[in-house]
Amino acid sequence: MEIKSIVDKNRLQTNSKDGLPYYDNSNTKNFSQDQGIYILIDTNGKLKVEGSLHKYYNEINGRDRNNYNQFSMSEAKKAINQLLTDKGIDEDNLRVYNYEIGLNLDVSKDCRAYMDKMIDIGPPGDERKLYVNARYKDERVKTTIFHKHTRKYFKAYDKVFEGMDKKRKIIPDSKILRLETVYRRLDNCFVADFFNRDKLYNMLEAFFRDWRTLHFERDIITPKGTGRARQYLCMEIISEGREAVLRKAKERHKNGSLKDWEYRNIREFISKEWDEIKKDITFIQSDEDKEFRDLMRVNYTLLKNDEIDI
């Protein structure tokens, strides 16, 4: 009876797999009537619901279906309550299997300025390296490793670039650095418990606790008169080590991407000047790192003081 009710209320399409019926709205989920929420009732009668509560909440409140703005925990709780009502779904035995929690930072520079300096995330001894995700162009997405056995990973990306890349209708005229923590394959996490006020506050604390451990590459101050090319070379040596930089320069020279005089300058700098210059190099916190910390503090204060109804 409950299956029929959900099928009828949400106008799910009847399909067949191995002679057994299943129902979904894969063809209409992005229509205004479904608000981007995917619903599947599989051949075994198991219900699956997927979608963005943030986008859904914006749409039911008269805004565009996107998640460029901020979204609080109290709004998430209101969204799930309204979603279950709208779709005619009982929360009993309904479980959360995967979820992501994110934050938009309105930054002052191109997002690449921040992402290029992100190294890893995590407390000392448990750092997770951030890699450029090669599936996306222009190096606009960085993630920690997320193979099929990973149950938690971190992601940072250029939110506006994502919108343009996916040809969204609405593109904000701003710079938005998006941070996300993704959780997969949760065990026995019931919706009623997941959206409990204390649980939501704990998720908020965990999110900020994790992202405060993000490590940025430091800027350097080199001796007066050091040109930009040599400053970059200094950064390379500090980051990768002199042997690795020499090896890379040799390979580039061999394949023709590095001219003879460029290769010679690199070799001579490393062998004759580096040991002296490195004594006068000073490391400083980058402007990007400072701005990131400031924005995290502001957003934490705002979200921490959000009142979540029981």
Side-chain angles (χ1 to χ4, degrees), residues 32 34-37 39 49-108 121 123 152-157 159-160 163 170 172 174-184 186-214 290-310:
S32 58
D34 288 345
Q35 294 123 345
I37 303 300
I39 300 175
V49 182
E50 284 183 350
S52 166
L53 285 180
H54 190 167
K55 294 177 182 178
Y56 170 78
Y57 186 79
N58 276 341
E59 186 164 1
I60 64 174
N61 283 281
R63 295 186 286 268
D64 293 309
R65 187 193 300 166
N66 61 54
N67 58 349
Y68 296 129
N69 61 331
Q70 296 296 28
F71 186 57
S72 67
M73 289 300 190
S74 64
E75 290 170 329
K77 187 170 177 63
K78 291 174 185 175
I80 189 64
N81 290 340
Q82 188 62 51
L83 175 66
L84 296 179
T85 299
D86 287 349
K87 306 301 180 184
I89 298 172
D90 191 336
E91 73 172 19
D92 290 346
N93 293 321
L94 194 63
R95 306 182 188 192
V96 177
Y97 191 65
N98 302 319
Y99 77 95
E100 62 186 42
I101 177 172
L103 176 68
N104 296 328
L105 298 180
D106 294 314
V107 293
S108 64
I121 184 171
K152 177 182 178 182
Y153 68 91
F154 302 96
K155 180 178 179 180
Y157 62 97
K159 186 66 182 170
V160 175
I170 306 296
S174 57
K175 303 176 183 68
I176 303 173
L177 178 63
R178 173 84 174 172
L179 311 175
E180 290 179 355
T181 305
V182 181
Y183 295 85
R184 303 190 294 190
L186 275 64
D187 296 322
N188 297 321
C189 184
F190 290 94
V191 165
D193 298 328
F194 185 86
F195 286 94
N196 172 276
R197 183 171 61 178
D198 290 340
K199 171 72 172 176
L200 292 176
Y201 278 130
N202 288 338
M203 282 192 286
L204 176 69
E205 292 290 341
F207 177 86
F208 279 94
R209 184 170 59 248
D210 285 336
W211 281 99
R212 287 189 194 108
T213 67
L214 179 64
K290 291 177 185 176
E291 183 180 352
F292 174 83
R293 308 289 166 195
D294 289 342
L295 290 171
M296 290 289 283
R297 278 191 289 270
V298 170
N299 281 277
Y300 174 70
T301 301
L302 290 172
L303 293 169
K304 183 183 178 183
N305 292 321
D306 176 44
E307 288 293 333
I308 303 174
D309 295 333
I310 297 175

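All values below were derived from every heavy atom in this structure, side-chain atoms included, with hydrogens, water molecules and symmetry-related copies excluded. Everything quoted here is computed from the prediction, not taken from an experiment.
Every residue two or more places apart in sequence or in another chain was checked for a salt bridge (Lys or Arg N to Asp or Glu O under 4.0 Å) with Glu100, and none qualifies. Under the rule for a salt bridge (Lys or Arg N to Asp or Glu O under 4.0 Å), Asp198 has no partner lying at least two apart in sequence or in another chain. Not counting sequence neighbours, Asn66 has no partner by the side-chain hydrogen bond (donor to acceptor under 3.5 Å, both in side chains) test. Scanning for salt bridge (Lys or Arg N to Asp or Glu O under 4.0 Å) contacts around Lys152 gives Asp210, with sequence neighbours left out.
The main-chain N or O of Arg212 is found under 3.5 Å from a side-chain atom of Arg293 such that the two form a donor-acceptor pair. Formation of a donor-acceptor pair under 3.5 Å by the His54 side chain with backbone atoms of Glu75 is not found in this model. Judged by distance alone, the side chain of Tyr57 and the main-chain N or O of Phe71 form no donor-acceptor pair under 3.5 Å. In this structure a side-chain-to-backbone donor-acceptor pair under 3.5 Å is missing from Asn104 to Ile176.
Counting only residues at least two apart or on different chains, the salt bridge (Lys or Arg N to Asp or Glu O under 4.0 Å) pairs with a member in residues 51-70 are Glu59-Arg65. Applying the salt bridge (Lys or Arg N to Asp or Glu O under 4.0 Å) test to residues at least two apart or on different chains, none of the pairs has a partner in residues 85-94.
Looking at Phe207, Phe208, Phe154 one by one, the single match for side chain to side chain contact (heavy atoms under 4.5 Å, CB included) with Leu179 turns out to be Phe207.
Residues Leu186 and Arg95 are not in side-chain contact: their nearest non-hydrogen atoms beyond the backbone lie 4.5 Å or more apart. Counting only heavy atoms from C-beta outward, the side chains of Trp211 and Thr181 approach each other to under 4.5 Å. At least one side-chain heavy atom of Asn67 sits under 4.5 Å from a side-chain heavy atom of Lys159.
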Side chain to side chain contact (heavy atoms under 4.5 Å, CB included) assessment of Tyr183 paired with Ile101: CA-CA 9 Å; Tyr183 295 85; Ile101 177 172; 4.3 Å; yes
Side chain to side chain contact (heavy atoms under 4.5 Å, CB included) assessment of Tyr201 paired with Met73: CA-CA 8 Å; Tyr201 278 130; Met73 289 300 190; over 6 Å; no
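Seen from the ring of Tyr153, Lys155 does not count as a face-on cation partner, given the 6.0 Å and 45° thresholds.
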